[in-house]
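The sequence lines fix the lettering, A, B, ..., with proteins before strands; numbering per chain opens at 1. Because the structure is a prediction, the values reported are computed rather than measured.
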Amino acid sequence: MLASQYYLPTLREAPAEAEIPSHRLLLRGGFIRPLSAGVFSFLPLGLRSLRKIENIVREEMNAAGALEVFLPVLSPRDLWERSGRWDTFQPQPLRVQDRSERWFCLGPTHEEVITDLVAMDLESYRELPVTLYQIQTKFRDEVRARGGLIRVKEFLMKDAYSFGRSEEDLDEAYDAMYQAYVRIFERLELPTVIVRAEAGSMGGHDTREFMLLSENGEDTVFMCDSCDYASNAECAQIRPPQARSGDKLGERELVSTPEARTVEQVCEILGTTPEQLAKTLIYRADDRFFAVMVRGDRSLNEAKLSGLLKAEELRMANDEEVRELTGAEVGFAGPIGLPDEVTIIADHEIATMSDFVVGANQDDAHYVAVDVGADFQVAQFADLRSAVAGDACPVCNEGRLTQHRAIELAHVFKLGAKYSEDLGALFVDSDGTQKPAIMGCYGIGVSRCLAAIVEEHHDENGIIWPRAAAPFEVVVLLLDTKDEELRGAAEQVYRSLQEVGYDTMFDERDMSAGIKFAEADLIGYPARVVVGRKTKQEGEVEVRRRSDAEELVVPVAQAADAVQTLLGS
RNA sequence: CGGGGCGUGGCGCAGUUUGGUAGCGCGUUUGACUGGGGGUCAAAAGGUCGCCGGUUCAAGUCCGGCCGCCCCGACCA
């Protein structure tokens, strides 16, 4: 490709709105342009990289036995009513109406569509297992787009769905996808960490996320510093601590705490610390009420609570319900003297506390020197709080959890029969009975991977593309365009690289050398061949690797060999 | 949705406090020189100051409303 005929709108300075490296460099290098918040166009360079990533994903999917399909973006409302997700999917799907005012959504994911498709054709267990996938634009009406391509409203995703006869089929398909993902991220040079995760809107179990540790990620993961335990913060488990031994020390006492509704206010009045206080949160799970206790400095993990209670709908009780149940304004709830209809459950840590502070279920009052057992009973202890850095590893004995920011690149789930039951993807098994297909689903954010690669591979001068994702693998810089002898040498180098099969950019533009060097670094070609002074004098070119500046000086005729030496064949 | 910031040639910014001819750097165009790290000189083009309304002799600047963008939070495959 001749640079003079290419679309290379590089920017010397990044637009003010871009903060994180991938956003800044992709804009500056002329890979993407913004259209609206969280909506981007891909320019020729950006599209080339995107396609390379996409093709790696495609190759590995095919190698794993998955079959490519292409499903509609427009998805009729009826389908989503049948799965129950028209109103519940988060974030709410982007909705549109056709001329006769029928509702559609722009697919945020495709469980419904693929299951409906398979439901039409599936008859016998002999057709199973099968895994279908597609690479397509997805739409999500994100509450807040951010970070360039990291979180957007419209993005390229690879989504695969496996249909099997049994849990065993599912395990096999899941494992095949999991291994394919490991290979994909190896090829993209993205050192991912695989963490346990929540299923969220998708439903399912055994969910794992492939995370790239990065300051600019928006997920938080915990990793054990001793074993290989790793988990998304949303579901990091906590090892139950040793329960308190010994007897009650002090006598419970009612104290006045006017207007002290928060942990901080109570501590200030009583001159104590949040660790000596237990928060009591009133929750409503369907028609039941629970008083949920965690230590004052901890935060309750609603996902854990939800998992424990197995409720359809879980929410904090509203002000009115709290007043009715506790007899006090919000902020003074406690475990002592609650009506029987409120079940008390507590985080394990509560069992380790003694002589602590709780709300008194009276306005402007708390109890001090309270103890479990002596002053109130707990129906159930469970792991309910969110993990924090330094917590003991829930798996091994030695480790502590360390906290990291991360970018979620991929997610695998076991879905089971939910969608196949809702949408009728049934088959007749060998025993003659009809059964729902057992499903799994597996997604990779392809355009997010593009940003992640840049986050992971860049320096102060620009991007350092891994060869597999580079828009062009090599750039040839002709420094003096007026010199016919040099031009001839550069053309020879360019042709020899093309013959070997390298994607090559030939920068023969009439520009100063400085600009060409700076742009080559910014765009991040893995290898660079310079035709200039040394070529004129010695008949040699300089071949340099972007990643570590390793350089070979060779005769013009050996330029392609040198590139091969530096990049590998 | 809550909090904060921003909106002035393509990009980065000044000017708004105190209303009075719209500026700077980079980029762009033309010419010349130059040709190893965003080079030099000269000339030039390019702006309804986000939009609508109001105040005023006069609004980029003051007032009201709206729109857009970014960041933090909440939320989230």
Side-chain angles (χ1 to χ4, degrees), chain A residues 9-20 23-24 27-28 30 33-39 85 88-93 107-111 138-148 150-153 155 157-161 195 197-204 207-211 216-220 232-234 299 302-303 407-413 415 441-446 448 460-462 477-483 486-487 507-523 528 530-537 541-542 544 549 551:
Chain A
T10 56
L11 303 174
R12 190 156 179 173
E13 289 169 289
E17 73 253 17
E19 291 201 347
I20 67 173
H23 193 192
R24 296 173 64 85
L27 286 172
R28 284 190 57 207
R33 288 292 179 260
L35 176 63
S36 172
V39 182
R85 293 208 294 183
T88 62
F89 191 86
Q90 289 298 321
Q92 187 183 73
T109 179
H110 277 72
E111 284 79 11
K138 292 282 187 280
F139 296 83
R140 302 239 171 132
D141 192 5
E142 292 295 347
V143 186
R144 183 161 89 83
R146 63 166 291 276
I150 299 287
R151 173 163 297 272
V152 289
K153 291 191 169 182
F155 59 99
M157 179 175 179
K158 187 286 300 179
D159 46 324
Y161 306 89
V195 307
E198 288 290 332
S201 300
M202 299 300 174
T207 82
R208 293 287 185 277
E209 292 169 335
F210 288 68
M211 296 282 199
N216 293 314
E218 43 187 1
D219 284 88
T220 302
N232 192 310
E234 66 197 7
S299 37
E302 279 196 16
I407 301 170
E408 179 191 342
L409 299 179
H411 205 154
V412 294
F413 308 73
L415 291 173
C441 89
Y442 320 93
I444 292 185
V446 177
R448 186 182 274 180
E460 64 280 7
N461 295 322
L477 300 189
L478 170 59
L479 296 189
D480 185 348
T481 54
K482 301 279 192 301
D483 189 313
L486 286 187
R487 176 174 286 271
D507 192 349
E508 29 63 279
R509 296 173 300 173
D510 184 17
M511 287 183 164
S512 77
I515 292 179
K516 294 187 179 186
F517 283 122
E519 272 195 13
D521 285 348
L522 173 62
I523 290 169
R528 179 185 88 186
V530 173
V531 179
R533 190 190 294 146
K534 207 166 276 178
T535 317
K536 185 88 175 165
Q537 292 164 356
V541 295
E542 297 144 27
R544 181 197 281 236
E551 186 167 287

In whole Å, I'd like the distance from the [atom1] atom of [X] to the [atom2] atom of [N].
X	N	atom1	atom2	value
R12(A)	G25(B)	CZ	C1'	10 Å
M511(A)	G39(B)	CE	P	11 Å
L478(A)	U34(B)	CG	C1'	15 Å
E542(A)	G37(B)	CD	C1'	12 Å

Applying the Watson-Crick and G-U wobble criteria at under 3.5 Å, what pairs with [N]? Answer none if nothing qualifies.
N	value
G73(B)	C1(B)
G9(B)	none
G53(B)	C63(B)
G19(B)	none
G37(B)	none

Worksheet item: Of R146(A), E408(A), R144(A), which meets side chain to side chain contact (heavy atoms under 4.5 Å, CB included) against E218(A)?
Response: R146(A)
Touch class at under 4.0 angstrom, heavy-atom based, for [X] against every strand present:
X	result
A513(A)	sugar-phosphate
D159(A)	nothing
E519(A)	base

Is [X] close enough to [N] that one of its side-chain N or O atoms is under 4.0 Å from OP1 or OP2 there?
X	N	answer
R533(A)	G36(B)	yes
S36(A)	C69(B)	yes
R144(A)	C75(B)	no

Fill in: Closest-nucleotide ordering on RNA chain B, the 5'-leading residue of G148(A) and A410(A)
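So the residue in question is G148(A).
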Worksheet entry | Toward the 5' end of RNA chain B, by each residue's nearest nucleotide, T10(A) or R146(A) |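 Its nearest nucleotide being more 5', the pick is T10(A).
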Practice prompt. Look at E519(A) together with R509(A) and state whether they make a salt bridge at an N to O cut-off of under 4.0 Å.
Written response: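 Here E519(A) pairs with R509(A) in a salt bridge, since their nearest N and O are under 4.0 Å apart.
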Worksheet entry | Pair K536(A) + D480(A), salt bridge at N-O below 4.0 Å |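 A salt bridge is absent here (no side-chain N lies under 4.0 Å from a carboxylate O).
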